[in-house]
Amino acid sequence: MTRRFLVVAHRVPVDGNFTLNDLAGSGGRFDELARIISSVFIVSNGIRRDSEVTFHLVSDPHHPRRVRLVGSRLKYLNPDERSTAALVKNGLGRGWDRPDVEMETTPGIFVGPLPDPEGALREFAGRPGAVWLHESGAPLRGAELPEDPEFLLSDPYDLVPSEEGCLRDAGVRRISVGPRALPSSQCVTLVHNELDLRGP
Ligand SMILES: C[S@@+](CC[C@H](N)C(=O)[O-])C[C@H]1O[C@@H](n2cnc3c(N)ncnc32)[C@H](O)[C@@H]1O
């Protein structure tokens, strides 16, 4: 089973034009995206090879982009936020001269166009594994999950109403990791923990 996460990133500059010294500001909260990446992949002394995360970068309506990190191929990922941000930032920069094609910018990191972000959300919502991580969803503990779950969450900014509409219209199941609103990266850790406890 592959564990998939999909994150809508609302403010990260799509061309990677931000400084590593200011991930939270000019990076559009890339500090939290880097923590999400760590939570998706990093375990003690290793990488979760069975996991993937996709980011929809939607800050520029003219050039939305998709970044996918695939655990089975991933190289050069370290646990610190700065080097993680540098890996993705460099990928965004390298792919910028061919924004119309998806490129593997370093092993396991794919950067490409996202021509229709809300269409892509509707496509996600139609997949059998779709799960919307939401503060007021059904409790994760004990929840019946699809065979190949794919968990959608937002970055530090809430989904906008039209994004929420794509998921609500399709009736995507909503699951909560607990009663408190948490940073997305912590939600990922809790989901992994629940799946780890349930076993292979
Ligand atoms: C930091 S939250 C978004 C802002 C949040 N509404 C707030 O008031 O801080 C980021 C995302 O994490 C997920 N999330 C946060 N807490 C959650 C919870 N208790 N259960 C499930 N998902 C949660 C949701 O997908 C949410 O969009």
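Computation of the quantities below employed the complete heavy-atom set of this structure, encompassing side-chain atoms and omitting hydrogens, waters and symmetry-equivalent molecules. If you read the sequence from its start, that first residue is 1, and numbering goes on from there.
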same_hphob_cluster(V160, L133) at 4.5 Å side-chain heavy-atom cutoff: no

Pair E81, S38: side-chain N/O donor-acceptor within cut-off below 3.5 Å: no

Selection residues 119-134 - residue pairs positive for side chain to side chain donor-acceptor pair (under 3.5 Å), sequence neighbours left out: R127-E150, H134-S136, H134-R174

Residue pair D155 / V8, side-chain heavy-atom distance below 4.5 Å: no

Residues that, via side-chain heavy atoms closer than 4.5 angstrom, fall in one hydrophobic cluster with Y157: none

Side-chain (R65) to main-chain (V14) donor-acceptor, under 3.5 angstrom: yes

G16 backbone acceptor or donor facing K89 side chain under 3.5 Å: yes

Heavy-atom closest pair, residues I175 and A143: CD1-CB, 3.7 Å

Linked, directly or transitively: L153 and V172 (ILVMFWY side chains, under 4.5 Å): no

Value rounded to 0.5 Å, distance of CG in D169 from CG in L121: 11.5 Å

Short side-chain to backbone donor-acceptor contact, D60 and P64, under 3.5 Å: no

Distance-only donor-acceptor check, side chains S83 and D80, under 3.5 Å: yes

I109 with F5, same ILVMFWY side-chain cluster at under 4.5 Å: yes

Spatial distance of atom OG1 (T106) from atom CG (L87) [nearest 0.5 Å]: 5.0 Å

Nearest heavy-atom neighbours spanning L167 and A125: CD2-CB, 4.3 Å

Within one Ile-Leu-Val-Met-Phe-Trp-Tyr cluster: I42 and I37, side-chain cutoff 4.5 Å: yes

Atom pair CZ/CG of R29 and L23 - distance to nearest 0.5 Å: 10.0 Å

4.5 Å side-chain heavy-atom contact, P149 and M1: yes

Geometric class of the F18/F30 ring pair [parallel <30°, tilted 30-60°, perpendicular >60°]: parallel

Working for side chain to side chain contact (heavy atoms under 4.5 Å, CB included), residues T189 and H192: CA-CA 5 Å; T189 301; H192 266 321; 5.8 Å; no

Counterpart residues, side-chain hydrogen bond (donor to acceptor under 3.5 Å, both in side chains), relative to E104 (two or more places apart): R73

Salt bridge (charged side-chain N to carboxylate O under 4.0 Å, His left out) involving R168 - partner list, sequence neighbours excluded: E164

Verdict with reasoning, L152 to F124, per side chain to side chain contact (heavy atoms under 4.5 Å, CB included): CA-CA 9 Å; L152 176 130; F124 159 82; 3.5 Å; yes

Intermediate values then yes/no, side chain to side chain contact (heavy atoms under 4.5 Å, CB included), V7 and F151: CA-CA 8 Å; V7 180; F151 299 92; over 6 Å; no

Full working for side chain to side chain contact (heavy atoms under 4.5 Å, CB included) between L140 and V191: CA-CA 8 Å; L140 172 64; V191 167; 4.3 Å; yes

L159 and H10, any side-chain heavy atoms less than 4.5 Å apart: yes

Heavy-atom side-chain contact between R173 and L145 under 4.5 Å: no

Pairwise distance OG(S176) to CZ(R141) - rounded to 0.5 angstrom: 11.0 Å

Closest non-hydrogen atom pair, G28 against P13: N-CD, 4.3 Å

Same apolar cluster: L77 and V12, side chain cutoff 4.5 Å: yes

Closest non-hydrogen atom pair between L33 and A9, with its separation: CD2-CB, 3.8 Å

Pairwise distance CG(L114) to CG(D116) - rounded to 0.5 angstrom: 7.5 Å

Using distance only, find each side-chain donor-acceptor pair of residues 45-57 under 3.5 Å and give its atom names and separation, not counting sequence neighbours.
{"unit_1": "R48", "atom_1": "NH1", "unit_2": "D196", "atom_2": "OD1", "d": "3.1"}
{"unit_1": "R48", "atom_1": "NH1", "unit_2": "D196", "atom_2": "OD2", "d": "3.4"}
{"unit_1": "R48", "atom_1": "NH2", "unit_2": "D196", "atom_2": "OD2", "d": "2.9"}
{"unit_1": "R49", "atom_1": "NH1", "unit_2": "G71", "atom_2": "O", "d": "2.6"}
{"unit_1": "R49", "atom_1": "NH1", "unit_2": "L74", "atom_2": "O", "d": "2.9"}
{"unit_1": "E52", "atom_1": "OE1", "unit_2": "R4", "atom_2": "NE", "d": "3.4"}

Side-chain atoms of residues 177-185: list all donor-acceptor pairs with protein atoms under 3.5 Å, sequence neighbours left out, distances to 0.1 Å.
{"unit_1": "S184", "atom_1": "OG", "unit_2": "S154", "atom_2": "O", "d": "2.7"}
{"unit_1": "S185", "atom_1": "OG", "unit_2": "E32", "atom_2": "OE1", "d": "3.3"}
{"unit_1": "S185", "atom_1": "OG", "unit_2": "E32", "atom_2": "OE2", "d": "3.0"}

Pairwise distance OG(S39) to CG(N193) - rounded to 0.5 angstrom: 12.0 Å

Side chains of R66 and F110 in contact at under 4.5 Å (non-hydrogen atoms): no

